[in-house]
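Remarks on the structure that follows.
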Amino acid sequence: MSDKMRHGLTTAILLFILVPVGEAIWLDVPTTGTKCVSEEIQSNIVVLADYIIISEDHSLKPTISAKVTSPYGNNLHHSENVTHGEFAFTTKESGNYIACFWADAKSHGNKDVSINVEWKTGIATKDWASIAKREKLEGVELEIRKLEGAVEAIHENLIYLRNKYCYSLFLPCLLTLISQVLWIKMACREADMRTVSEKTNSRVAWCSMMSLGICIVVSGLQVAYLKHYFEKKKLI
C-alpha cells in the first residue's frame, strides 16, 4: 500500500469516527413499554431528526408518542398520537440526548410498531445544495468547503474528548493527591503537637523536681534552725 493510499485511508477513518454524521435507525417499539435511543453530543451542535411509522399491515393505523430530553432532563420535543414527526434543536449542554418512543394504546392491534428514525448531528445537518447555490460554489470549491467543515468538526470533537477524558482521568488522581497532602499535613501537625507535649511534660517534670528539692532544702533549714534555737534556749 502506497503512502498516498495509506494517508487517504487514515483520513477516511478519522472522518468516519470523529465527524458527526447522519444515522438511520430502525426501532421495533413493543406493545407495552418504551423504546429509547441516545447519543452523546457536545454543546452548540445542531440536531435534526425525523421519524415515521413503517407498517406492512394497511388495515391498522398505529400511532406513537415521542419525547426528546436533554442531559439535564429538559423537554426538547413531545408529540402524541402521531404517525410521523420531526424535531430540531441546538444543544445547550454536553451529554446524552435521549429520544423515547412508545405505542399508543389500542392503535397497534397488540403488535410491535416499527419506526424509522433518521438522526443527523453537526455537519450532517447542513444543506450543501442550498449553500452551494447561495454562495455559488461548485465542483472542487464545494468539496473543499465540505472538507473545511469536516476538519472543523474533527477539531471541535477532539477538544471535547480531550477535556472530557482528561477531566475524568486526572480528577481521581487529583483527589488522591489532595487527600495524601492533607494526611501528611495532619501527620506533621500531630508530630508537632506530640513534640510540644513532650517538651511540656519535660518542663513540668523539671519544675516538679525543682519544687521538691526546694521543699527539702527549706525543710532541712527549718529543722537546723529549730535545733539551734532549742539548744540556745537549753531546751534540749
Handout entry: Plane angle bin for W119 and F87 - parallel if under 30°, tilted between 30 and 60°, otherwise perpendicular
Key = perpendicular
Completion exercise
Only residue of T83, I64, L27 satisfying side chain to side chain contact (heavy atoms under 4.5 Å, CB included) with V113 is I64
Exercise for the section: Just do the side-chain contact (heavy atoms from CB on, under 4.5 Å) check on E39 and V47 with the steps written out, would you? Expected result: CA-CA 11 Å; E39 183 176 357; V47 178; over 6 Å; no
Exercise for the section: Indicate if I25 and W102 have the same hydrophobic cluster label, given that clusters are the connected sets of ILVMFWY residues with side-chain heavy-atom separations under 4.5 angstrom. Expected result: no
Fill in the blank from the handout: Of all heavy-atom pairs linking D28 and S114, the shortest is OD1-OG, 2.9 Å
Exercise for the section: Provide the closest heavy-atom pair for L48 versus A88 in the form atom of the first, atom of the second, distance. Expected result: CD2-CB, 3.2 Å
Practice task
Return yes when atom CD of E93 has more than 12 non-hydrogen atoms of other residues, nucleotides or ligands closer than 6.0 Å, and no otherwise.
Solution key: yes
Practice task
Would you please test T63 and V82 for side-chain contact (heavy atoms from CB on, under 4.5 Å) and show each step?
Solution key: CA-CA 5 Å; T63 58; V82 296; 6.0 Å; no
Handout entry: Common cluster, L76/I41, ILVMFWY with side-chain heavy-atom separation under 4.5 Å
Key = yes
Exercise for the section: Can you establish whether the number of heavy atoms outside W26 located under 6.0 Å from its atom CH2 is more than 12? Expected result: yes
Problem - Joint cluster assignment, V29 & V117, ILVMFWY side-chain distance < 4.5 Å - result: yes
Problem - CD1 on I115 to CD1 on I54, rounded to 0.5 Å - result: 9.5 Å
Practice task
Report whether Y51 and V46 are members of the same hydrophobic cluster (ILVMFWY, side-chain heavy atoms less than 4.5 Å apart, transitive linking).
Solution key: no
Completion exercise
Minimal heavy-atom distance between S43 and S94, with the atoms involved, is N-OG, 3.1 Å
Handout entry: Verdict with supporting geometry, K67 and N75, side-chain contact (heavy atoms from CB on, under 4.5 Å)
Key = CA-CA 7 Å; K67 185 177 182 180; N75 190 10; 3.9 Å; yes
Exercise for the section: Could you pull out the closest heavy-atom pair between A99 and V68, with the gap in Å? Expected result: CB-CG2, 4.0 Å
Practice task
Group every Ile, Leu, Val, Met, Phe, Trp and Tyr by side-chain heavy-atom contacts under 4.5 Å, then state whether V37 and I53 land in the same group.
Solution key: yes
Practice task
Look only at the side chain of T200 and the backbone of V196, and say whether a donor-acceptor pair between them is shorter than 3.5 Å.
Solution key: yes
Exercise for the section: For the residue pair P71 and Y97, establish whether any side-chain heavy-atom pair is separated by less than 4.5 Å. Expected result: yes
Problem - S38 OG to N96 CG distance, which is reported to the nearest 0.5 Å - result: 5.0 Å
Practice task
In plain terms, say whether E198 and R194 are close enough for a salt bridge, that is, a side-chain N and a carboxylate O under 4.0 Å apart.
Solution key: no
Problem - Enclosure of H78 NE2 (heavy-atom neighbours >12, cutoff 6.0 Å) - result: yes
Practice task
Would you please test T91 and F89 for side-chain contact (heavy atoms from CB on, under 4.5 Å) and show each step?
Solution key: CA-CA 6 Å; T91 58; F89 58 87; 3.9 Å; yes
